[in-house]
2 protein chains.
Amino acid sequence: MAPDEKRSLGRRRDKQPAPSPVAADSSEDELERSWLQQLVGYHLRMAHLALYRDFAAAVADYDLTQKQLAALELIATNPGASQVDIAQALSMDRATMMSMVKRLLSRGLIERRASKIDRRRHEIRLSPEGVSTLERVHGIIDHHEDSFLAVLSGEERAQLITLLRRLYERRSA
Amino acid sequence: MAPDEKRSLGRRRDKQPAPSPVAADSSEDELERSWLQQLVGYHLRMAHLALYRDFAAAVADYDLTQKQLAALELIATNPGASQVDIAQALSMDRATMMSMVKRLLSRGLIERRASKIDRRRHEIRLSPEGVSTLERVHGIIDHHEDSFLAVLSGEERAQLITLLRRLYERRSA
DNA sequence: ATCAAATAGTATGCAAGACATACGATTTTA
DNA sequence: TAAAATCGTATGTCTTGCATACTATTTGAT
């Protein structure tokens, strides 16, 4: 077999936050992480990472990142929006948006043309290929979400979304 | 300011009769994002990004990332653990861990020495400077978490953590 | 006991995202 | 009309994530 086999996202057993200093042994694969456990940021990062890996595997054939998908989706539902419109909606800065736009353009997923009313702006929209790609990806993502979220009930899922939204929306009003 | 003619906001899509409770608050410069709104992945990413920015600002003086802090914390509570031990606990691969270890070493936050029982391993532990740094950072992070999570009650916070953990723990073999 | 497989650390290289800074073209507004 | 704000753009840096591959060491199966 290949010496370097990765993709082993599943070797974690359930564990109680039992305080047991593991010391310099570490033959067990469970480490003590007491303080971290109470940080929402820690769990948020771990959960996002896990979900993102699942996401990436699901859309591997299309080579899309979460961010790119979000951008494409926003562009699809808001044809003619400018780069900053999309960037703001996704909380990313112009520079980061720029590199993504270039990438998406070079892959032929989006098109761009100068706005007639404001010549500073470039209106972005999906290319025909972008449209069909997005269409196919929708089904894949829906399935990925369903399977990844299977451990939660519909109600819990909705609750999770509500809690997450409260964390990043607001801070404005 | 920006009288900018909002490009068509609520353009209807063919699919999805839209019973979605989504556009409840979309007012002025809001872009339509119907489909995205139902994806946990989307909200997870947005929430994590928002929290991470707050985190980064909070520890700006110490120049630490979430991941680095988690690693340091794990090293602190599990002195003598090897690189892979830490890597596995944080779901990162050896190569990524390697670059982080090098960074942390060059900053003098951790120390390393060969294991006597298994000469392939290098035991990692905090340096005195790492200890004092971590000590000071703890307070800062606690405060950052408290203020960022202020929009949630204690119970909601606990619930959020529970839900997140269920998303990434399990998946055991 | 021996040889093959697994493990730990290491080195490279690449893609992406995030952020900072700066500049030109084009509005907006004061 | 001049100053300020916007938008797109270009650079460059840092961190993470991941693939590959190589060495040294330990383990395990025969």
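Residue numbers begin at 1 in each chain, while the letters A, B, ... track the order of the sequences.
Using a 4.0 Å heavy-atom criterion, one finds that B:R112 contacts the sugar-phosphate atoms exclusively. Note on A:T65: only backbone sugar-phosphate atoms sit closer than 4.0 angstrom, heavy atoms only; bases stay farther off. Within 4.0 Å (heavy atoms only), B:R53 reaches sugar-phosphate atoms of the nucleic acid but no base atom.
In the displayed structure, A:H143 atom NE2 is contacted under 6.0 Å by at most 12 heavy atoms of other residues, nucleotides or ligands.
Look at A:Q66 and you won't find any side-chain N or O under 4.0 angstrom from OP1 or OP2 of C:dG17. Phosphate proximity of C:dA8 to B:R121: present, with a side-chain N or O under 4.0 Å from OP1 or OP2. Between C:dT10 and B:R94, no contact under 4.0 Å exists linking OP1 or OP2 to a side-chain N or O.
C:dA20 atom P lies 14 Å from atom CE of A:M92, rounded to whole Å.
Transitive grouping of hydrophobic side chains (ILVMFWY, heavy atoms separated by less than 4.5 Å) brings B:V59 and A:W35 into a common cluster.
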Criterion side chain to side chain donor-acceptor pair (under 3.5 Å) on A:T96 and A:D93, from CA distance to verdict: CA-CA 6 Å; A:T96 305; A:D93 69 309; 2.6 Å; yes
Between the protein and nucleotides 11-13 of chain D, are there any N/O to N/O pairs under 3.5 Å, and if so, what are the atom names and distances?
none

Distances under 3.5 Å only, N/O to N/O: pair up the protein atoms with those of nucleotides 23-26 of chain D.
from	atom 1	to	atom 2	distance (Å)
D:dT25	O2	B:R120	NH1	3.4
D:dT26	OP1	B:R119	N	3.0

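Of the N and O atoms on the side chains of B:R121 and B:S115, not one donor lies less than 3.5 Å from an acceptor on the other residue.
The CZ atom of B:R53 sits 13.0 Å away from the OH atom of A:Y168 when rounded to the nearest 0.5 Å.
Looking at A:E145, its side chain never comes within 3.5 Å of a backbone N or O of A:D142 through a donor-acceptor pair.
Two residues, A:S99 and B:I124, neighbour DNA chain C, and the one matched to the more 5' nucleotide by heavy-atom proximity is B:I124.
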